[in-house]
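Counting begins at 1 with the first residue of the sequence. Note that the structure is a prediction, hence the values are computed from the model and not measured.
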Amino acid sequence: MFTALVLFTQFFTKLNIPIAIPEPTNKFRSSIQYLTLFSFLLGCLEAGIVGLFMFILPKWLVWIFYWIIDGLITGGFHLDALADTADGLFSSRQPAKILDIMKDSRIGTMGALALIYYYILAIALGINLARILSPWCLLALVVTCTMVTKTGLSLLFYRMVYAGKKNGLSVIWLHIAPWRIVIAQVFSVIIIGWFFSWSGLISYGLIIVSAYFYRRKIVQILGGFSGDTLGAFASLTPVIFLFGLNLTFQLLR
């Protein structure tokens, strides 16, 4: 487990851990059950940092700081994928051309808009919740938003069809044993249920439904997933969760 957490830290964050992991590809495949544990611990780190400001700054500003800190720690790892996917899918081209557009390091109009809309929604939905959440619950929301990025990502690994290059980086996520994905999901369900009870579990269910329809659409358009389309959904999961939490809090009041 320790080597898996080190490997995920090296891969998904800017934190430097100078430990060599032998056969990293096989280690990725055999360690998916720890993926949400890793993102939970990462969320705890980020919550610990923003928690230092919780009692001296307004909660809405602390929430904005969270997104800044997350970007600095992770390097916006999945956001580049979100922008590339938006550029590709909204280009209205053939699948091969869409994949080529996603590989282009330059950001296009739709990619820029996707990032703007993403941060507007993530910050606005969180600020709305900050009005009614206690400081400790807001920190729990920080942990959860970081955790569900990998919760949503691991959902897509189930019988994943790959449409990228044969030597592409995302081949490391192929042929993941279903039981590993289930364990990752069960861990998230326990944490989300503990933090937010039924409201959180309903919001988690919204992620599952979104993953199903997202998977169908991507396979229909591209014939399978690329690294960018995987990362794009990982980026979207916190927004989906925040939307669900806002909705359920409003309905269950």
Could you state whether Leu129 and Leu57 fall into the same hydrophobic cluster, counting links through intermediate Ile, Leu, Val, Met, Phe, Trp or Tyr residues with side-chain heavy atoms under 4.5 angstrom apart?
yes
Could you give me the CA-CA distance, side-chain angles and deciding distance for Leu141 and Phe196, then say whether side chain to side chain contact (heavy atoms under 4.5 Å, CB included) is met?
CA-CA 9 Å; Leu141 185 60; Phe196 299 107; 3.9 Å; yes
Can you check whether Phe187 and Tyr34 have ring centres sitting under 6.0 Å from each other?
no
Between Pro238 and Trp67, the two heavy atoms sitting closest are CB-CH2, 4.1 Å
What's the shortest heavy-atom distance between Thr248 and Ser203, and which atoms?
OG1-OG, 4.1 Å
Is the shortest heavy-atom distance from the side chain of Thr36 to the side chain of Ile191 under 4.5 Å?
no
In sequence, state the C-alpha distance, the side-chain angles, and the governing distance for Phe241 and Leu206, and then conclude on side chain to side chain contact (heavy atoms under 4.5 Å, CB included).
CA-CA 7 Å; Phe241 184 82; Leu206 190 59; over 6 Å; no
Check the hydrophobic clustering (I, L, V, M, F, W, Y; side-chain heavy atoms under 4.5 Å; chains of links allowed) and say if Phe8 and Ile17 are grouped together.
yes
Verify the cluster assignment for Leu15 and Val6: are they in a single hydrophobic cluster under the rule of side-chain heavy atoms below 4.5 Å apart?
yes
Determine, for Phe38 and Lys150, whether the Lys NZ or Arg CZ falls below 6.0 Å from the six-membered ring centre while staying within 45 degrees of the axis.
no
How many angstroms lie between atom CG of Leu89 and atom CE of Met110, to the nearest 0.5 angstrom?
10.0 Å
Would you name the heavy atoms of Thr85 and Met102 that are closest together and state the gap between them?
CA-CE, 4.0 Å
Hits for side-chain hydrogen bond (donor to acceptor under 3.5 Å, both in side chains) against Arg215, two or more places apart or cross-chain, chain-then-number order -> none
Please give me the minimum heavy-atom distance between Ile218 and Gly224, naming the atom from each residue.
CG2-O, 3.4 Å
Output all residues satisfying side-chain contact (heavy atoms from CB on, under 4.5 Å) with Asn128, sequence neighbours left out; order by chain, then residue number.
Arg131, Asn246
Between Leu133 and Leu121, is there a shared hydrophobic cluster once you connect ILVMFWY residues whose side-chain heavy atoms come closer than 4.5 Å?
yes
Partner set under side-chain contact (heavy atoms from CB on, under 4.5 Å) for Ser134, not counting sequence neighbours:
Trp136, Cys137
More than 12 foreign heavy atoms under 6.0 Å from CZ of Phe213: is that the case here?
no
All ring pair (Phe, Tyr, Trp, His ring centres under 6.0 Å) counterparts of Tyr66, not counting sequence neighbours
Trp63
Can you name the side-chain hydrogen bond (donor to acceptor under 3.5 Å, both in side chains) partners of Thr151, sequence neighbours left out?
Ser188
Hey, does Phe243 have a side-chain heavy atom less than 4.5 Å from the side chain of Ser210?
no
Measure up the Phe12 and Phe77 rings against each other and bin them: parallel (under 30°), tilted (30 to 60°), perpendicular (over 60°).
perpendicular
Check against side chain to side chain contact (heavy atoms under 4.5 Å, CB included), Met147 and Ile192
CA-CA 9 Å; Met147 181 181 70; Ile192 292 169; 3.8 Å; yes
Could you list the residues that satisfy ring pair (Phe, Tyr, Trp, His ring centres under 6.0 Å) with Phe195, not counting sequence neighbours?
none
Considering all heavy atoms of both residues, which atom of Asp87 and which atom of Thr109 are nearest to each other, and what is their separation?
OD1-N, 3.9 Å
Test of understanding: with side-chain contact (heavy atoms from CB on, under 4.5 Å), list the residues that count as partners of Val161, not counting sequence neighbours.
none
Hits for side-chain contact (heavy atoms from CB on, under 4.5 Å) against Leu236, two or more places apart or cross-chain, chain-then-number order -> Leu82, Ile240
Which residues pass the ring pair (Phe, Tyr, Trp, His ring centres under 6.0 Å) test with Phe233, not counting sequence neighbours?
Tyr214
Could you pull out all residues at least two apart from Thr3 that satisfy side-chain hydrogen bond (donor to acceptor under 3.5 Å, both in side chains)?
Lys27
For the student: nearest non-hydrogen atoms of Ala211 and Leu156, plus distance:
O-CD2, 4.0 Å
Could you measure the distance from the CG atom of Leu155 to the OG1 atom of Thr237? Nearest 0.5 Å is fine.
9.0 Å
Are Ile207 and Ile183 connected, step by step, through hydrophobic side chains (Ile, Leu, Val, Met, Phe, Trp, Tyr) whose heavy atoms are closer than 4.5 Å?
no
Check which hydrophobic residues are tied to Val182 through side-chain heavy-atom contacts below 4.5 Å, counting indirect links as well, and list them.
Val186, Ile190
Check ring pair (Phe, Tyr, Trp, His ring centres under 6.0 Å) between Tyr117 and all other residues, then give those that pass, not counting sequence neighbours.
none
Check step by step if side chain to side chain contact (heavy atoms under 4.5 Å, CB included) holds for His78 and Leu153.
CA-CA 10 Å; His78 295 304; Leu153 180 63; 4.3 Å; yes
Please indicate whether Trp179 has more than 12 foreign heavy atoms, meaning atoms of other residues, nucleotides or ligands, lying under 6.0 Å from its CH2.
yes
